[in-house]
Amino acid sequence: DISSQKDVEKIKELSEKIIKLGGKPSLDNEDQKSLIKDLSKQLDQLNVRSILEDESKNLIKDETINGVKLRLQKVEDLPPKDLRKLVDIGKKELKEGIVVVFANKDEKVGIAVGITNKLTEKYNAVEFAKLGSEIIGGKGGGGKTELAQGGGIEPNKSEQAISETIDYIKSKIWINFLYWRNRDLDFSSLKSLLSSLDVKSPNSLLIKSLNTREENILKYLITISDIE
């Protein structure tokens, strides 16, 4: 019948495309509809491999900023659904660092950000992905601290999104910490005052400031028995 003939033509078309990309069509499935699905999946995998092997379409730039490894990867003609795989590969290759991947296909742009475990205490993938996706006309940034994705429909703003996202991440890396001092001080006694000065911030980027001359004097005064 007509439907069966169309399936045969589709199977032939997919098989030819697979062969053209250097693959061997898997024709084991006897059900034509299922076979078309299998061949389509095989073709998608070969297309992705072909794109990633093409250095003109798959650009990777690795650098180290203030001791933190940062990878930017830009891929042309890659469906956004494949972004996560590239982030996982990048994290394994860097071992410790931040991976940012931009991909575009059919007027759609995707961004994915991955952060290795130890760095998630300082950096948040959701924050970085949200920034990039908003520039390209999206509302993304969904995910977790270690992996987040977003997307948009304005490919003409891809370079702006890449530039601003990477610059923002670099600024975060350079500011490893800031000195901080507790403002909620307890003046009820010298010991209470010193204890309140020793309080640490819950934010890991804020480090308690070094002891000042005044704090050292307080510590000395506490050691004098007749002063309470």
Side-chain angles (χ1 to χ4, degrees), residues 17 21 37 40-66 68-175 203 205:
K17 288 181 178 179
L21 288 172
K37 288 181 179 179
S40 296
K41 184 177 180 180
Q42 186 182 2
L43 180 60
D44 284 343
Q45 292 172 341
L46 286 170
N47 275 325
V48 170
R49 188 180 75 179
S50 175
I51 290 168
L52 296 180
E53 289 175 350
D54 186 343
E55 293 184 358
S56 67
K57 291 186 175 182
N58 180 29
L59 304 176
I60 297 177
K61 181 182 179 182
D62 290 339
E63 54 186 318
T64 301
I65 310 296
N66 202 21
V68 178
K69 294 178 183 177
L70 174 61
R71 167 172 291 189
L72 167 63
Q73 185 169 6
K74 298 187 293 181
V75 191
E76 298 286 335
D77 299 327
L78 183 78
K81 66 182 178 67
D82 292 306
L83 282 170
R84 178 167 183 166
K85 297 176 186 175
L86 299 187
V87 169
D88 289 340
I89 292 171
K91 287 167 72 174
K92 287 180 181 178
E93 291 180 351
L94 292 184
K95 293 182 177 157
E96 199 67 51
I98 300 172
V99 179
V100 181
V101 185
F102 278 85
N104 67 75
K105 183 178 175 65
D106 301 329
E107 297 299 309
K108 293 182 180 180
V109 188
I111 174 178
V113 180
I115 298 174
T116 53
N117 290 337
K118 290 183 180 179
L119 293 177
T120 54
E121 295 179 1
K122 292 184 177 181
Y123 312 109
N124 190 330
V126 174
E127 178 185 4
F128 300 150
K130 187 173 187 295
L131 171 65
S133 63
E134 285 179 350
I135 295 172
I136 52 179
K139 298 179 180 179
K144 299 180 180 180
T145 307
E146 69 276 9
L147 176 66
Q149 289 185 241
I153 53 173
E154 298 183 47
N156 58 310
K157 292 185 178 180
S158 292
E159 289 304 315
Q160 178 189 347
I162 291 170
S163 176
E164 292 191 20
T165 302
I166 294 299
D167 285 348
Y168 182 69
I169 293 174
K170 286 181 178 180
S171 72
K172 283 278 192 175
I173 292 173
W174 276 114
I175 304 175
N203 189 326
L205 294 177

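- Under 3.5 Å, the side chains of N58 and E53 contain no donor-acceptor pair of N or O atoms.
- With contacts defined as side-chain heavy-atom distances shorter than 4.5 Å, the pair L119/E96 qualifies.
- Residues passing the salt bridge (Lys or Arg N to Asp or Glu O under 4.0 Å) test with K57 are D77, sequence neighbours excluded.
- Contact annotation: the side chain of I153 never approaches that of V109 to less than 4.5 Å [non-hydrogen atoms, C-beta and beyond].
- Contacts of E154 classified as salt bridge (Lys or Arg N to Asp or Glu O under 4.0 Å), with partners at least two apart in sequence or in another chain: K157.
- Distance check: L72 CG to D62 CG gives 9.0 Å after rounding to the nearest 0.5 Å.
- Side-chain contact between V101 and I111: absent, with no pair of heavy atoms (C-beta onward) separated by less than 4.5 Å.
- Taking 4.5 Å as the limit, some side-chain heavy atom of L43 sits within range of a side-chain heavy atom of N47.
- Here K69 pairs with nothing under the salt bridge (Lys or Arg N to Asp or Glu O under 4.0 Å) rule; sequence neighbours left out.
- For K61, the side-chain hydrogen bond (donor to acceptor under 3.5 Å, both in side chains) test picks out no residue, with sequence neighbours left out.
- A salt bridge links E63 to K170: one of the charged nitrogens lies within less than 4.0 Å of a carboxylate oxygen.
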Decide side-chain contact (heavy atoms from CB on, under 4.5 Å) for R84 and L147; before the verdict, give the C-alpha distance in whole Å, the side-chain angles of both, and the deciding distance to 0.1 Å. CA-CA 8 Å; R84 178 167 183 166; L147 176 66; 3.3 Å; yes

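- In this structure, CG on L94 lies 12.0 Å from CD1 on I89, to the nearest 0.5 angstrom.
- One finds the NZ atom of K172 at 14.5 Å from the CG atom of N66 (value rounded to the nearest 0.5 Å).
- Applying the 6.0 Å contact sphere to CG of L59 captures more than 12 heavy atoms from other residues, nucleotides or ligands.
- Two residues are said to be in side-chain contact when any heavy atoms from C-beta on lie closer than 4.5 Å; E159 and E164 fail this criterion.
- When side chains are defined from C-beta on, Q149 counts as touching L83, because their heavy atoms get closer than 4.5 Å.
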For the pair L52 and L86, evaluate side-chain contact (heavy atoms from CB on, under 4.5 Å) and give the outcome as yes or no after the intermediate values. CA-CA 10 Å; L52 296 180; L86 299 187; 3.7 Å; yes

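- Under the 3.5 Å distance criterion, the side-chain polar atoms of S158 are matched with a main-chain donor or acceptor of P155.
- For T120 (side chain) and N117 (main-chain N/O), a donor-acceptor pair under 3.5 Å exists by modelled atom type.
- In this structure a side-chain-to-backbone donor-acceptor pair under 3.5 Å is missing from S50 to L46.
- Contact annotation: the side chain of T64 never approaches that of L70 to less than 4.5 Å [non-hydrogen atoms, C-beta and beyond].
- Evaluation of the side chain to side chain donor-acceptor pair (under 3.5 Å) test over residues 99-109, restricted to residues two or more places apart or in two chains, returns E76-N104.
- Ion pair K91/E146 not flagged as a salt bridge, since none of the NZ, NE, NH1 or NH2 atoms sits closer than 4.0 Å to an Asp/Glu carboxylate oxygen.
- Here CD1 of I115 is found 15.5 Å from NZ of K118. Values are rounded to the nearest 0.5 Å.
- Residues satisfying the salt bridge (Lys or Arg N to Asp or Glu O under 4.0 Å) criterion with K85, sequence neighbours excluded, are D82.
- In this structure, I169 CD1 and I65 CD1 are separated by 10.5 Å, a value rounded to the nearest 0.5 Å.
- Heavy atoms only, all atoms of each residue included: I136 and A161 are closest at CG2-CB, 3.7 Å.
- Counting only heavy atoms from C-beta outward, the side chains of V100 and Q73 never approach each other to under 4.5 Å.
- A tilted orientation is assigned to the rings of F128 and Y123, their planes being inclined by 30° to 60°.
- To the nearest 0.5 Å, the span separating CG on D88 from CD on E93 amounts to 11.5 Å.
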